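Quick caveat: nothing in here was measured; it's all calculated off a predicted structure. Order of the sequence lines sets the chain letters (A, B, ...), proteins ahead of strands, with each chain counted from 1.
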Amino acid sequence: MLLEMLQSLPQVLIDGLALGAVYAVVALGYTMVYGILQLINFAHGEIFMTGAFIGTAFFILLMGMGWVSSVPQIVVLIVVLVVTACLTGLLGMGIERVAYRPLRNAPRLIPLITAIGISFILQDVIRFIAELSSGNYIVTGPSLFTNQLTINFSSISSIFNDASFKTSFLIVLVTAVILMISLDYFINRTKWGTAMRAVALDRETASLMSINVNKTISITFFIGSALGGATGVLFAVQYGTIDPFIGFILGMKAFIAAVLGGIGNIRGAMLGGILLGLLEMFASANLSLLTGGVFGAEYKDVFAFSILILVLIFKPEGLLGKPTAEKV
Amino acid sequence: MPILEVNNIETFYGGIQALKGINVHVNEGEIVTLIGSNGAGKSTTLKSISGLAKVKTGSILFKGKETMNKPVHETTLLGMAHVPEGRKIFSTLTVKENLLMGAFSVNNKQLIEERMEIVFGHFPILKKRLEQKGGTMSGGEQQMLAIGRALMMEPELLMLDEPSMGLAPIIVEQIFDIIKKLNEDGITILLVEQNAYQALNIAHRGYVIRNGEIVLSGKGSELIENSEIRDAYLT
Amino acid sequence: MSILEVTNLTKKFGGLTANQDVTMNIEAGSITAVIGPNGAGKTTFFNMITGVYQPTSGDIKLEGKSLLGLKPDEVAKRGISRTFQNIRLFGEMSVIENVLVGMHIGLKTGLLGIFLNLPTTKKEELLAEKEAYRLLEHFELAPFLNEKACNLSYGAQRKLEIARALATKPKLLLLDEPAAGMNPAETRELTEIIKNMGKEFNVSVLLIEHDMKLVMEISEHIFVLDHGEKIAEGNPEEIRTNTKVIEAYLGSGAVQTV
Amino acid sequence: MKESLAKFLQYKWSQVILFTVFVAVSSAALFFSQKSVTAFLLLLSSLLVLHYMKLKNVTKWIIALGLLFILIPLASSGGPAFQSYMDVATMVGIYVSMALGLNIVVGMAGLLDLGFVAFFAVGAYSYSIFATPQAANFMPFGTYPLGGESFWIFLIIGGVVAAIAGVLIGIPVLRVKGDYLAIVTLGFGEIIRILFNNADKPVNITGGAMGIASVTPPEIFGIPLIFPNQFYFVTLVILIFTIFTVLRLERSKLGRSWKAVRENEIAAQAMGIPLVKTKLLAFALGASFSGMMGVVFAAKQAFIDPTSFTLLESFTILVMVVLGGMGSVPGVILGAAVITILNLQVLTELATWVNQLSFSGIISIPEALSPAKMQKFIFGALLVAFALYRPKGLIPAKNKIFDEKRLKETQAHSDMNATDQKKMQS
Amino acid sequence: MRLKKSVVLLLSSVLSIGMLAACSSKSKGNESASGSNVIKIATQTPLSGGSAIIGESIRLGAQMKLEEQAEKFKELGYTLQLESYDDQSDPKKGVSNANIIGADKSIYAVVGHYNSGVAIPSSEVYEKYNVAMVSPGTTAVTVTDRKLKTVNRIVGRDDAQGPAGAKYAIETLGAKKIFIIQDKTAYGSGIADAFKAAAEEAGAEIVGYEGITVGEKDFNGVINQVLTKKPDLIYFGGIYSEAGIIIKQARDKGIDVPIMGGDGMDASGLVDIAGDAVKNTYITSVAGDSTATESGRKFVADYKAKFNKDAEAFSVYGYDTMGVILHAIENAINDNNGKIPSKEKVAEAVRSVKEYEGALTNVTFDEIGDNTNAKIYLYKFSEASYPGVLEGEVGK
């Protein structure tokens, strides 16, 4: 049993990393918004999904143009990533403007409800756009970066099997890492990033520093949503097939990742995402082995949610979060 | 010449009227203090001036220009700095980042450096603590940082909301000394204090606010001798 | 006889010491004040007594029985009630409902009584409502009984909070800056109310207050906290002249006038 | 003219007369037409009108009961669509009851629960498992399926089991607050669904994804209940019980504690309200109404499987509560009725109508835009619109109005003081 | 005061609508009263949700047959009408619609459902109203095993499809170690279990049996299990949207063993999603290749001409189901002296259909409503095009 688990471990790690990278970048968006507004932007998963659709639409469009085929795929990807990120960023800003800003002083429950509402609307709007244009809302984009690569883990030790992956895996991973590092730099080293942290701590005082709070929040939403949208494109590249409902569960998982790492904490979100991806992949590959077939891969979501609940109970501030006590 | 004129402003919190027609003016180069008990409307007056609180009627002229109900980030750009009650340091930001936030509207790096040096001139301690998190400093140091952060905006009018709050008397004296010195350096100061005695001591003029209304005003030295004030605020 | 005994109470938050070896005795039926600069640990001290925080070390005894390890609701059941520095009313509920929540401990009805609307439940409710109304009358809040609590004026909200705390029929009432935000007239009214509380409600009072006039007028005993430590105690006259207190809190300026 | 009409309508008796006319017209329309959704909805809306009339509460209740028990079934029995009306009405009853349960948790106690349908599932499964041979797979004693009479006992069992589930879930979950609670309950809702979906091995308890078919219909006095009009009455009785209980709870000390916890946990605790116990009670009681209706649902459908208990279902119930007005009992009833009817009748009718039109070539609406598919969009739009423009819902929650005169009667309170003081001191 | 105003508004507006409704509903009533010679057939299929393509294709097929037959029924003195309902693959919706259908006096039969999970509870309702249901696509055994008198289907059962697949897998493809994946839905579990039982009986070793979650896109975890177990055939119980991704991801990992599945994978979407990876995929289907017969080819051409879409595998079943129903109704009318008999009689007439020749199927119902002539077809995909190539068919 252990042997079998070890054999598949390299492949599980790689697949888990790909999934975890997606979780991590989506989790970043959650964490940023939560950090500043203490709001769970439920619609974030749908922004991710919208990004996946916009990206796929662009790919299909671009691939349809003859001259594009002579352009390296990586260039096409970068163009699509940038354009999609901008569009979803604007979408995120719009959502904030319409659905959250008027409610900034409302009870906490209310913006959460609009967030759920927005996410339903986005799902359905994307669904009927997709259905109108292609007759089916399950959309498959062009295959990109499909070269197979293999790492010979077996040469390291005969216990391991070789692990293989597509080039797209590398692209997802590299892009995710670049996004995470640049976000971390942006938040911690630049003026606007510092302003965001200041706004997060104290909106009133930040405004006294002549920081435009609304603009800062809009920028936060723009960046968070752009990240979400870009991840959507990466998802579409990695998995090929998308539908309007991918955002909901994935968004949920990303939120779990954010909480796992410590919500409001950028590095925590990254850690949480990667960790959740790895755990989930491990669970679906090995649960039935571990339990002698009683609990199979279908329990992996139970596994993920249980981890969340355990973390919340024993370390509510998350792995990298710092405890805060309510002032009485 | 008045740098700030507050004419008959009324401000509401929810349904409650916090200010019932406040008239205050501050001349260039003065220290003016606003004293009164908790909840009398002192902080609300400052907030109304800087734009944090929404004013219903009246007018606020800063350097002759109407600033009433402009967004806060715009009024602060005109040259007024508001150090809020309770210091409100960005606790998880470093001292340096706090200061940089004060200079948020400035894009010239050299100018920022120069201003920072001026702040260090007033508060040498801040230079030593540059990389420390704001929240880990003592109350007095935080107050200095808060004032220093406001100075990064190079304000013409500095509004201080209870700078002595919760500080040990020795520190309080230091703070008042610094306020005096800033004034001597040419900064006009509007000071809100519960510590009426010390505030009136350094102020050129003072206003007494009660229940959202100005009930008395006059020279600092005169007010300190006023028996009514002695009964109400100096005991 | 002392109603509350606090011995060597210490509270540390990480590296920060909020209270250090605070010892105090509060006489039954007395009005006692805790004063000190902001951040001296007064509210933390209250929070430990009411079970919001557990002390790092030391003991708190109400009528000889330790309160350590009890949750705030259990402390309330033992007979300690409080108000809060930043008013914590049930904003969306009506004024009288706020007081009725305060009477929660006194109501014995169980789930079954509620489901079946038993006569005993009905009677108990009616009595509670009347009692609540009487409390409101006492605080001159009766005209607002069906008003939402959040719509009251600041001063009235402070009074409602005190009325709500009294509704639990406490032995010891902790008031955290009850006069904050009140105008002088309201403060004078409040002073009278607190003064007579001992007699009318059979309760001992422990209060935190910055309004020295109020403190000096009503307190029989005063404790002074600074940097989490007790630096002085005594009657108002003693405190007024204590040099340590003047240095740390009252300030040399105040001495001239007080 | 307008004014005199308005004045006329202010009088109690003029209201009553107009109301009677309205009821008479709409029930006649319903009775004599083959199938008129409009008339059916109008007749139902008479209950809403009744809510706003200037009558004593008792009178309103009597009229409402008369309408529900006699007039509505009678009037809709005229046409061939009788059973389908009754089916819709039954579903309305089921959802109203669930929404009232969730209202305790979300509206009164302020705990956002996004996995509420789990309790509905628990109730539904507890009856289905024992009212089919399913139970024989793991129960060593007894003969299964149980007879239809057991339904009545299972109404209580379903409620109790759901309440227990509420407590079990509540214990770990209530340690987290606010937004986290929403996510954790959502997670738990999913976990329960996944468990039901997979509990067919190693021992087949729930039938897994295949669900449980041919659930024994309830029986009363030896008559099996199979038609919607029979279930209508069963549901109605339970619903009225639920409404009464919820109203009692709301006005009781428990209702006040819930609201206090919602408004300010720390202050509530300082008033002697135990947080965990109070929240658990909200969870348990809310869940029990849902569990009870789960039993009815299982019996009515005669078949259940995990697809009836998805996240969307939880959100739907939440939408009902928000739409109606969080914490407001009449509001939640209205919200649940509106959403259920919208979902089951209006959208379906619209879709059929649009389909007919596009078949006959009058208009061509792309299939993607069919109203039946727009459920999520409509829900989303409703949620956003209400949160922005009417956050307190259709009928906002109101505090009980206390009669000052009654409270001023001083006679009682002197002896109250004495006894109560004694009680306190002991 | 505000309250009173709202009462006024409510009452008066509601009253006026009431009057309107009373009038309008009267006219509506008249219309349907005069239409006593209208025969309505309902379709109830998923027009939204994951199986929308299939549901839609069934509906269109049924509509086509209905329109073709309209002329003939005109001669008999009846107007045919189609009422299509969307069950959204949701049992509650199905039951609710079923009650509307059952209550409608002029609806005599239902074409539907596609999902077994919806067909089972809905048919309990049809049974109460004696509305004949003929399903073009449900395969779960429970559908007919409850022995309801109104429930019929023209396609094969899971317990025929599973074994047919297993037989082919073991005998023709030589599979000895089989890994089974299913989607944990009623359909997926049913067919996977039937396959498993048959494969075990035939002597193959089941090296893994795993579930996945519908709607997800990353199945690498389960595929990694497949990698370690090294089976020589993968069987998937589920529908095309997940199947396509699994096939693609398995091929990406270098798993080139045959992948087999049931009729849920029989959709053009499978090829769209999996692309070239679809090679070496086998599906059993209750749906035959429409182009295999002369009449089938004609149907496909007509369908394309009429709707400007390619026929899906189930289009012809919608068409034939409607055919069976209309055939039975025609018989019933003829037996009843040219008048339409009761719903109960229509249901009996449906059940007694013998040797009906449809465009593709030949229908004879047995005593529980299963089609004794139902066949299981086996297709192979050797290139990325839909439909696959017919490899063989198995009778019952």
Side-chain angles (χ1 to χ4, degrees), chain A residues 31-32 34-38 97 101-102 104-107 184-220 262-269 317-318 320-328, chain B residues 13-14 43 46-47 49-54 70-109 112 133-135 142 145-146 148-155 158-161:
Chain A
T31 267
M32 275 180 70
Y34 192 90
I36 292 197
L37 288 176
Q38 272 76 49
R97 184 72 194 78
R101 192 176 297 177
R104 226 173 262 166
N105 297 316
D184 200 62
Y185 178 84
F186 175 80
I187 296 282
N188 289 315
R189 293 275 176 275
T190 65
K191 189 167 113 175
W192 276 102
T194 319
M196 277 179 193
R197 284 185 289 145
V199 169
L201 287 166
D202 187 338
R203 255 177 257 163
E204 260 194 7
T205 309
S207 71
L208 288 176
M209 305 292 113
S210 59
I211 297 170
N212 185 339
V213 173
N214 282 337
K215 194 171 155 192
T216 314
I217 292 176
S218 285
I219 291 177
T220 310
I263 193 148
N265 184 319
I266 300 282
R267 285 171 204 180
E317 67 276 9
L320 295 187
K322 288 191 184 65
T324 49
E326 191 183 350
K327 203 170 178 299
V328 178
Chain B
Y13 278 132
S43 295
L46 283 200
K47 285 183 175 177
I49 296 169
S50 62
L52 282 178
K54 208 156 171 53
K70 279 198 176 171
V72 191
H73 59 91
E74 285 177 22
T75 59
T76 46
L77 278 180
L78 299 172
M80 60 165 96
H82 176 174
V83 181
E85 187 180 352
R87 306 181 275 272
K88 302 282 175 66
I89 291 300
F90 299 120
S91 56
T92 58
L93 267 55
T94 63
V95 169
K96 190 177 177 191
E97 282 171 335
N98 266 286
L99 290 175
L100 286 176
M101 282 298 99
F104 184 78
S105 53
V106 185
N107 285 319
N108 182 339
K109 277 215 169 121
I112 294 176
K133 289 260 159 74
Q142 286 193 9
L145 177 55
R149 188 176 61 180
L151 290 179
M152 291 297 287
M153 304 165 87
E154 210 162 58
L158 182 64
M159 300 189 284
L160 300 165
D161 197 346

Pick one of side chain, backbone, both or neither for [X], based on which atoms fall under 4.5 Å of a heavy atom in chain A.
| X | answer |
| --- | --- |
| B:Thr75 | neither |
| B:Met153 | side chain |
| B:Ser50 | side chain |

Value rounded to 0.5 Å, distance of [atom1] in [X] from [atom2] in [Y]:
| X | Y | atom1 | atom2 | result |
| --- | --- | --- | --- | --- |
| A:Thr194 | B:Glu97 | OG1 | CD | 5.0 Å |
| A:Arg197 | B:Met101 | CZ | CE | 8.0 Å |
| B:Met159 | A:Leu208 | CE | CG | 8.0 Å |
| B:Asn98 | A:Met209 | CG | CE | 8.5 Å |
| B:Lys47 | A:Glu204 | NZ | CD | 4.5 Å |

Which atoms of A:Asn188 are under 4.5 Å from chain B, going by heavy atoms: the side chain, the backbone, both sets, or neither? backbone
Under a 4.5 Å heavy-atom cut-off, does chain B meet the side chain of A:Ala200, its backbone, both or neither? neither
[X] versus [Y], closest heavy-atom pair with distance:
| X | Y | answer |
| --- | --- | --- |
| A:Ala195 | B:Phe104 | CB-CE1, 3.5 Å |
| B:Phe90 | A:Ala198 | CE2-O, 3.5 Å |
| B:Thr76 | A:Ser207 | OG1-O, 3.9 Å |

Counting only heavy atoms not in A:Arg104 (residues, nucleotides, ligands), do more than 12 fall under 6.0 Å from its CZ? yes
Looking at A:Arg267, I'd like to know if its CZ atom is crowded, meaning that more than 12 non-hydrogen atoms belonging to other residues, nucleotides or ligands lie closer than 6.0 Å. no
With a 4.5 Å cut-off on side-chain heavy atoms, are [Y] and [X] touching?
| X | Y | value |
| --- | --- | --- |
| A:Leu201 | B:Leu93 | yes |
| A:Lys191 | B:Asn107 | yes |
| B:Arg149 | A:Thr205 | yes |

